[in-house]
Amino acid sequence: MTQGLAIMRSRRVASTIVLLLTVLAPLAAVSGQAVERIDPPSWWVESQEQGLTLLIEGSELGGADVRVARGPIRVGRVEPGREGRALFIEVTVPGRAEVGHCELEIVAGGRTIRRGWELVSKPTRRPEPFGPDDVIYLVMVDRFANGDPANDEPPGGDRLLDRRDTHAYHGGDFAGLRHRLPDLARLGVTAIWLTPVYDAATNWFHANLEGAPRKMADFHGYCSVDFYNTNPRFGSLSDYRALVSEAHRLGLKVIQDHVLGHTGPKHRWVLHPPTDDWFHGPVDRPPLCNFRFDALTDPHAREADRRGLTDGWFAGILPDLNMRDPRVSHYAIQQSLWWITLFEADGVRLDTYPMVDRAFWREWSRRLKAAHPEMRAVGEAWVNDAADLSFFQGGRAGWDGIDPGIDTVFDFPLNLAAAEVFSGRAPASALAQALRRDGLYPRPELLVTFLDNHDTPRFAALPGVTPERLRLAVVFLLTTRGIPQITWGDEIGLPGHMDDRRDFPGGFPGDPRDAFTAVGRAKEEQSHFAVYRDLLRLRKTSPALRKGRLTDLVADQSVYAYLRQGDTERVLVALNLGKTPAQVPLPPEVPGPARRLYGEAQWVDAPGGPHLELPGESAAVFRLTTDNRQLTTDN
Ligand SMILES: [Ca+2]
Ligand SMILES: [Ca+2]
């Protein structure tokens, strides 16, 4: 429950949003038979997917017959949806089908409508799985860099652009990010995670912030109105493809953000759901998500409490999809397959992962991994207790007999410990205490570690986190176990909180300075940047720092020292959070001499054994020059 409350607090804005149903833009009234869209709009040849199902939406489609007028695809079963507004059509792509334009003939009420549908080539690049060798850089597309001012206010004019308003669009886009990718590659990150790219341009709802009604745009991307198109403010599908290609050319992996469990409040389905139970309803009196993650992890919880988590609408405003209807779950799985395959994702970040049935994730994983065995997924489970969070990492069945198959999760418990330690509220040993619980996870080395993300306050903005402590936290993040994730601007100590997601200085036309360059960074920003740059370089050259076994050596009030041991290398990391110098005795299994790789600490070989002289509020990294043969025997 406390986790749920934590979320409610941290997502204060979302939880206070009051959707005014009256602002829902009514869909254009349609008379007579019409076909408005076909999802997915394309598929690829050589697909192994069985049971591909197209959702045709329009009007007066009841009793329709569907034929293939052109192309090699074959139509199987046709199932009508709700109120003649939807058809579910099974389609087969024959093994030898060739790429080309297809046409479907939809015949109903004496009318025939022809609609195009594309059979495209299958990209040949295989995903490169992200893992402990990687460092992930989170970019909120709207807030990073504006490379194309022409798309800032798309035709039709919602006038949602205002850089002074933290709830409006700021103009960032694919072109801007693409232009800055070389900077990210030089910084030393190896993967980019973009906030969702779905079309949401017309999404515009009213938020009630502490009594004051105000507008809120979907700059963050989590309120889709079209799962098969990009937000035109970010760019077109081909602009997105160009961004992904450029990232791959620079050796950067791409992690897509998939929102499968809910739509935006203004999605067309809210007014015209394709089936009666498409959403957990009723739509006009939606059930509220209870954020009771513990109800899922607790074998003795009430089923009603579990349903309160999986079947409730996030903050009562995000229409929650009913994955227990196979037509809905099929749509969601195809959506993921479409983006991952055609836009060549290396990995996926899954939004609000615990709020969707675990049986769905098991099926999602099975089908996604069948198509892309190398693809990895990280689920967002905002759970602060390791015992609960470990339940959500795939790799073993839980008490419910379900292995969701999702490779990893974000390490919120370690994030919480880091926030308490580096803000001065907890002793340094609390980091070791948090890591002590790694035995609970199927694969702790795959946990995605972070200091902050787009839903949390910036670490730099936490009370008690001084610039010095912030830099120590960065050393910890980049040297402890796991896959580190950095939030855009963290490398310069960008402040802000989840209600104030700031633009990267220099990413936007007219910015007074360009913090992508050394000359554009303030002195303190440059100090932060240097720590990221140096540690990322070190990490790149040190297999032990990336994947070595973690052994705690010293964990007390102000000092935390640990070893990372690989097959060929041993590295010692020491942090002193105290303001005064610390003398840190090292245990016998850490013999000298050692070579200092980072920091200003001194290694002292004394008759009683080596110790470290660590200046106040400093960190150090040493490579132990031990005989390598010893490493394989002391495990
Ligand atoms: Ca733009
Ligand atoms: Ca749900």
Side-chain angles (χ1 to χ4, degrees), residues 4 7 14 139-155 158-163 168-180 194-195 197 200-201 217 219 221-224 230-236 239-240 242-243 258-265 267 269 273 277-281 283 286-293 295-296 304-325 328-329 331-332 350-361 364 379-382 392 404 503-504 507-511:
I7 285 195
V139 170
M140 181 167 269
V141 181
D142 179 61
R143 301 295 163 92
F144 189 62
N146 186 355
D148 182 8
N151 63 22
D152 289 358
E153 284 285 16
D158 288 313
R159 301 182 64 80
L160 306 180
L161 182 90
D162 184 354
R163 283 193 67 199
Y169 280 98
H170 289 191
D173 49 36
F174 300 141
L177 171 56
R178 186 180 164 197
H179 177 63
R180 294 300 185 175
L194 275 63
T195 47
V197 300
F219 59 89
Y222 292 96
C223 296
S224 171
T230 51
N231 187 331
R233 291 170 180 276
F234 301 161
S236 65
D239 294 332
Y240 178 58
L243 166 66
H258 286 199
V259 184
L260 304 181
H262 63 79
T263 70
H267 195 286
W269 291 338
D277 61 355
W278 196 253
F279 292 112
H280 294 297
V283 169
L288 207 61
C289 179
N290 64 6
F291 296 104
R292 284 284 305 275
F293 302 116
L296 277 196
D305 289 335
R306 291 186 195 120
R307 292 293 177 98
L309 178 72
T310 59
D311 298 8
W313 291 31
F314 189 103
I317 60 158
L318 298 181
D320 203 71
L321 290 161
N322 172 21
M323 294 301 186
R324 284 187 290 277
D325 181 334
V328 183
S329 62
Y331 184 97
L350 297 165
D351 187 54
T352 55
Y353 161 49
M355 281 87 131
V356 181
D357 297 73
R358 282 162 61 82
F360 168 78
W361 293 120
W364 184 92
E380 179 214 19
W382 196 323
F392 292 98
D503 302 341
F504 197 105
F508 295 74
D511 277 358

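Numbering of ligands and ligand atoms starts at 1, following listing order. Nothing here was measured: the structure is a model prediction, and the numbers come from that model.
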Rounded to the nearest 0.5 Å, the CD atom of Glu380 sits from the CG atom of Leu350 at a distance of 9.5 Å

Nearest heavy-atom neighbours spanning Met323 and Ala332: CE-CB, 3.7 Å

Within 45° of the axis and under 6.0 Å from the centre of the six-membered ring of Phe508, does NZ or CZ of Arg163 qualify? yes

What are the two closest non-hydrogen atoms of Val141 and Thr195, and how far apart are they? N-OG1, 3.3 Å

Where Ala295 and Arg306 come nearest, the two heavy atoms and their spacing: O-NE, 2.8 Å

Judged by atom type as modelled, is there a donor-acceptor pair below 3.5 Å linking the side chain of Tyr353 to the main-chain atoms of Phe392? yes

Under 3.0 Å from the Ca ion (ligand 2), protein N/O/S atom count? 4

Of all heavy-atom pairs linking Ser224 and His267, the shortest is O-CD2, 3.5 Å

Spatial distance of atom CG (Leu194) from atom CZ (Phe174) [nearest 0.5 Å]: 7.0 Å

Donor-acceptor check, side chain of Asn231 to backbone of Arg233, threshold 3.5 angstrom: yes or no? yes

With 3.0 Å as the threshold, which protein atoms of type N, O or S lie near the Ca ion (ligand 1)? Leave waters out. Asn146 OD1, Asp148 O, Asn151 OD1, Asp152 OD1, Gly171 O, Asp173 OD2

